[in-house]
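A note on names: the letters A, B, ... follow the listed sequences, proteins ahead of strands, and every chain is numbered from 1. All values below come from the heavy atoms of this structure, side chains included, with hydrogens, waters and symmetry mates left out. This structure is a prediction, so every number in the text was calculated from the model and none was measured.
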Amino acid sequence: MSKNLVIVESPAKAKTIEKFLGSDYQVMSSFGHIRDLAEKGIGIDFEHNYKPLYVVSSDKKKVVSELKKAAKEAETVWLASDEDREGEAIAWHLFDELKLDKKKTRRIVFHEITKDAIVKAIENPREIDDHLVDAQQARRVLDRIVGFELSPVLWKKVKPSLSAGRVQSVAVRLIVEREREINNFVAESSYRVNAVFQAVDVKGNPAELKAELQHRFSNKEDAMAFLEHSKGASFSISDIVTKPAKKSPAPPFTTSTLQQEAARKLGFSVSQTMRVAQTLYESGKITYMRTDSVNLSDLALNTSRAEITSMAGEKYVKIRKFTTNTKGAQEAHEAIRPTYMNAHTIEGTAQEKKLYDLIWKRTIASQMADAELEKTSVFINCSCNQHQFVATGEVIVFDGFLKVYLESTDDEDEEAADRLPALKANQSLKADEIVAQQRFTQKPPRYGEASLVRKLEELGIGRPSTYAPTITTIQNRSYVEKGDRPAEKRTFNMLVLKEGKISDKIKTENTGAEKSKLFPTDIGMVVNDFLTEYFPTILNYNFTAQVEKEFDSIADGKINWVSSIDKFYKQFHPVVEDTLKNSERQVGERILGTDPKSGRQISVKIGRFGPVAQIGTAEEEEKPVFASLRKDQLIETITLEDALELFKLPRQLGEFEGKEMTVAIGRFGPYIRHDGSFYSLPKTDDPLSVAAERAISIIEEKREAEKNKVIAVLGEQNEYQVLNGRFGPYFTFEKNNYKIPKSIDPKTLTADKCKELVEQQGTAKPKKKGFRKK
DNA sequence: CAGTGAGCGAGCTTCCGCTTGACTT
C-alpha cells in the first residue's frame, strides 16, 4: 500500500492529481461532504450548546469505510479539500470521522491542478483551521434551524409538505414582487421623432441619413405642432463629432455567468447547462464548473496567449487579471475554462460541442485586446425650431476580442449602429420623411431561471453548487412555474410628414411576449406574503449578507459560533412560537363582489384542491357553489367578470343515445363527458359555445379512432389487448404495457406468445418514489 | 386520466452545500 493518502473532493480531480504524484501517493475522493446533520428531526442539541448531531449520509457509508481502510494503512494522510469554508469543514469531518491521528495528518490546499502547485502544497502543510470550521457549522446550523422551524409553520398554516429556507424563500419573494411590479405598471407614452434625410456625400454621391430628434414630446398635440413647423423648413448639418470608443471583453465564466450566457445564446435551462458542463468536466475538457471565481491560472494565461498569437497575431493579445467582486465569493477554484486552450473544438454531443465552444470563446476573448471603435454623431439643425436631430454611427477600427466573442444582453431591442456616410459640416439636407411615433414605457421583465440566478448572486444568496437545485426546488414546491405569455396587441399612433402633408395613422404592434419565464403561483404568493409578514428578518434581501458578516467574524476568531447562533435563536424561536399560536390559516381569500343573479358573495381562495372561486359562504344555509380557477388565472388578479365566467361550466349539451352530454374544463383542458367516457375538445372549439351536434361528431370521431386502436384481443378472458399506440404496437396485460419485438408482426401474436413476453419483460412497475427522493 | 370543496386523525413532509451516480418515461 502507498505511504501517502491524499483525499480530495471530486473523483475527476483525484484522477488528475494521481498522475502528478509518484507511486508513493494514493489519491482518493470523498465525493463532497461525508456527514451531515441527522436527517430525522432537527439534528441539533439545543440543551447542550447547539451541539450538531452529525451522521454519515447513507450514500457515503461505503466511501467512508474505504477511506478509513486506506487511512489506516497510510503513513501520512493529506486532506486536500477546497480552501473555503465548506472545504475546511470537509477536511475536519474526515479527520473526525476517520479517527485520524493528528501527528500523521496534514492539511494542504492548492489553487491550480499542476504538478508544481501540488508539490508546493505538499511542502507547505498546515493544520485544520478550527475557526473556519466553526463558521461552517454556524452556517449549517442556522440553515437547519430556519428551514426546519419555518417549514412546519407552513404545514400548519398553509399546506402540508411546503418548505421555506434562507435561500429559496427569498428567491420566491423576488419573483412575487416582480409580478406585482408588472401588475401595477402603468405604461406611459411619448412621441419619438425620426427623420430620413437625403444628402450628398463628399464624393458627390447621393446618401441617406437616418436621425432621431433629441427631444421627445409627451403628447400628440406637441408632436403635431412640431411636424407642422417642420413643413417646408430647411435642415443643415451643424456639427460632426467623431470620438474614439472602446469595448472590453467580459471576464471568463463563473457558474452564474455560464448559466446566463447558455440560456441567452443556446436556450439551455440552468440545470441543463450544469448537466452538460459536468460531462465536459468529467471527460477532462473543462475545469471545475461550480465556481464563483473569474481568475485564470498562469498556465491558462500562457496557453491563451499562444493560441491568440497563432490565430490572430501578437497585437490581439492582452493578458488580463480579473477580480471577483461578488458578495460572499469564496474563490476555491479557477474560472470555468477549457483544460487545453489549444483544443478549439471537441468530440461529443451537439450540446457538449456548443457549450464547449461558448466556454472556449469566452476564455480566449477575455485575454484579447479591446475593440476600438469610432463613434460619429452628426447634429442636424432645423430652421424652424430649437430641437436638434442626431444621427449616430459606429465604425469598428480594430476588432480585437470581437473577432471571437460578444456577450449577449437580456435587452433584445438594442439596435446596432451602422456606419454613416461621409458628410461635411454646414451642408444642407432635404427631409424625406419625418415620423413621430407614439412609444410606450416597458414593463419590467419577468425573471427567467438564469436571470434569477444572477440576481441571487448579486445579493450574495446561494452558492454555485446550489443555484440550479434552488431553481428546481421552488418549481417542485409549486411556488413558481416556468411558462410563456403570448404577445398582446397594442395600438399606437403614428404621425408622418411626407411631401408637405401630415397623415395621422393608428397602427398595431405586438408587445410583451415572454418565453420560459418564471411566474408565481397562488400558493407562492400566499406563502410569500405570510412569511414576509411574520418573518421579515429572514425574508429581508440583506439577511444572507448580514449573517455572512457574522460567519466571517467567526472565521476570524473574533466571535464564538455558539454564542452567535444563540443570539439568533433566542430572537427567532419565540417568533415561530408566536406565529403558530396567533396567526390565522392562510387561504389568500379575496372577495370580488356579489353575483348579479343570486346576490350572493363571490370570492376566490386556495381550496383543498387548489385555487377556487366560490358563490356564497359556508355560513349561509344554501351551500356554496365552487368552480376551479383556470391555470392562467391568479387569485390576486382575477376579476369578478372572469370569476362569473367560470360558473358557466360544466354545461349540459343535451342527450345522445339516451345519456346526457356535459362540457367542462379539466386538468388536460376542455372535454366532453358522455356515458362515463371523456372526449377532449379540440383547440378550435370553444367549450362555452360548442353545440350538441358538434359534440356528437367529436364523440363519434374518437370512437372510430378507438376502434382502429385495437389490433386484437387475445387470451381466454380477453386478458391480452394488442393495441396501436403512439410509439407503435404494444399489448396490455393486468394494467401494464409490454413491448412487441420488431421481429413479430402484431397481427400474428398469440396468447401464448404474449405470456412469454410478459415473463421476459417482467411486471415491475416503475418505482416513482426512489426517483423523486433525491 | 378530467369528478371533488365534511371532518377527523395518524403519519409524513422540511433546510443549504459539498459531490456523483442510479434510476426510469
Interatomic spacing from OG in A/S269 to CD in A/E449 - rounded to 0.5 Å: 5.0 Å
Considering only side-chain heavy atoms of A/R608, which listed nucleotide, B/dC16, B/dC15, B/dG5, is closest? B/dG5
For the backbone of A/G87 and the side chain of A/S81, can you confirm whether one donor and one acceptor N or O come within less than 3.5 Å of each other? yes
Starting from the 5' end of DNA chain B, give me the residue, A/G147 or A/F31, whose nearest nucleotide shows up first. A/G147
Phosphate contact (B/dC18 OP1 or OP2) by A/R463 side-chain N/O below 4.0 Å: yes
Remember a base hit wins even if backbone is also touched, and classify A/P624 as base, sugar-phosphate or nothing at under 4.0 Å, heavy atoms. nothing
Distance in angstrom units between A/K15 NZ and B/dT20 C1', rounded: 13 Å
Look at A/Q168 and B/dC15 and indicate whether a side-chain polar atom (N or O) is within less than 4.0 Å of OP1 or OP2. yes
Would you kindly give the CG-to-P distance between A/D675 and B/dG3, to the nearest whole Å? 18 Å
From the set B/dA6, B/dG5, B/dT19, return the single nucleotide nearest to any side-chain atom of A/K623. B/dA6
On DNA chain B, more 5' by nearest nucleotide between A/E9 and A/L162 is A/L162
By nearest atom, which of the nucleotides B/dT14, B/dG5, B/dC18 is closest to the A/S628 side chain? B/dG5
Output the single nucleotide from B/dT14, B/dA2, B/dC16 whose closest atom is nearest the side chain of A/D36. B/dC16
Looking at A/R290, I'd like to know whether one of its side-chain N or O atoms comes within less than 4.0 Å of OP1 or OP2 on B/dT19. yes
Check: A/T291 side chain, A/S293 main-chain N or O, donor-acceptor pair, under 3.5 Å: yes
Send over the distance from A/Q137 CD to B/dC16 C1', rounded to a whole Å. 15 Å
Checking A/R673 against A/Y671 for the side chain to side chain donor-acceptor pair (under 3.5 Å) test, could you report, in this order, the C-alpha distance in whole Å, the side-chain angles of both residues, the deciding distance, and whether it holds? CA-CA 6 Å; A/R673 194 175 171 190; A/Y671 66 93; 5.7 Å; no
Are A/R166 and B/dG17 close enough that a side-chain N or O sits under 4.0 Å from OP1 or OP2? yes
Whole angstrom value for the distance that separates P of B/dT14 from NZ of A/K159: 12 Å
Nearest to side-chain heavy atoms of A/F626, which nucleotide of B/dG5, B/dA2, B/dT14: B/dG5
Would you call A/D143 and A/R166 a salt bridge, using N to O less than 4.0 angstrom? yes
Select base, sugar-phosphate, or nothing to describe what A/A164 touches, counting heavy atoms under 4.0 Å on all strands. sugar-phosphate
Tell me what A/Q278 touches on the nucleic acid: a base, only sugar-phosphate, or nothing, going by heavy atoms under 4.0 Å. sugar-phosphate
Is there a side-chain contact between A/Y288 and the phosphate of B/dT19, meaning an N or O under 4.0 Å from OP1 or OP2? yes
Any side-chain N or O of A/R477 under 4.0 Å from OP1/OP2 of B/dT14? yes
Could you tell me whether A/G32 contacts a base, only the sugar-phosphate backbone, or nothing, with contacts defined as non-hydrogen atoms closer than 4.0 Å? base
Under a 4.5 Å cut-off applied to non-hydrogen side-chain atoms, are A/I635 and A/V526 in contact? no
Return the nearest nucleotide to the side chain of A/P11; candidates are B/dT4, B/dG17, B/dT20. B/dT20
Any side-chain N or O of A/S10 under 4.0 Å from OP1/OP2 of B/dT20? yes
Base, sugar-phosphate or nothing for A/V167? Non-hydrogen atoms, less than 4.0 Å. sugar-phosphate
Which nucleotide in the list B/dG3, B/dT19, B/dT20 gets nearest to the side chain of A/H333? B/dT19
For A/K40 and B/dG11, give me the distance from atom NZ to atom P, rounded to whole Å. 12 Å
For atom NZ of A/K159, is the number of surrounding heavy atoms from other residues, nucleotides or ligands below 6.0 Å larger than 12? no
So what does A/S680 hit on the nucleic acid, given a heavy-atom distance under 4.0 Å: a base, only sugar-phosphate, or nothing? base
A/W155 on top of B/dT14's base, within under 5.5 Å and under 30°? no
Does A/Y679 reach a base, just sugar-phosphate, or nothing at all? Heavy atoms under 4.0 Å. nothing
Touch check for A/G610, heavy atoms < 4.0 angstrom, all strands: base, sugar-phosphate only, or nothing? base
Is the phosphate of B/dC18, meaning OP1 or OP2, less than 4.0 Å from a side-chain N or O of A/S465? yes
To the nearest Å, give me how far apart OH (A/Y50) and C1' (B/dC15) are. 17 Å
A/G462 near the nucleic acid: base, sugar-phosphate alone, or nothing, with a heavy-atom cut-off under 4.0 Å? sugar-phosphate
Taking atom CD as the centre, does A/E584 end up with more than 12 heavy-atom neighbours from other residues, nucleotides or ligands that are less than 6.0 angstrom away? no
note: A/M289, atom CE; B/dT19, atom P; distance rounded to Å ~ 7 Å
Atom CG of A/D59 and atom P of B/dT19 are separated, to the nearest Å, by 14 Å
On the nucleotide B/dC15, are OP1 or OP2 found under 4.0 Å from the side-chain N or O atoms that A/S163 carries? yes
May I ask you to evaluate whether A/T466 reaches the phosphate of B/dG17, defined as a side-chain N or O under 4.0 Å from OP1 or OP2? yes
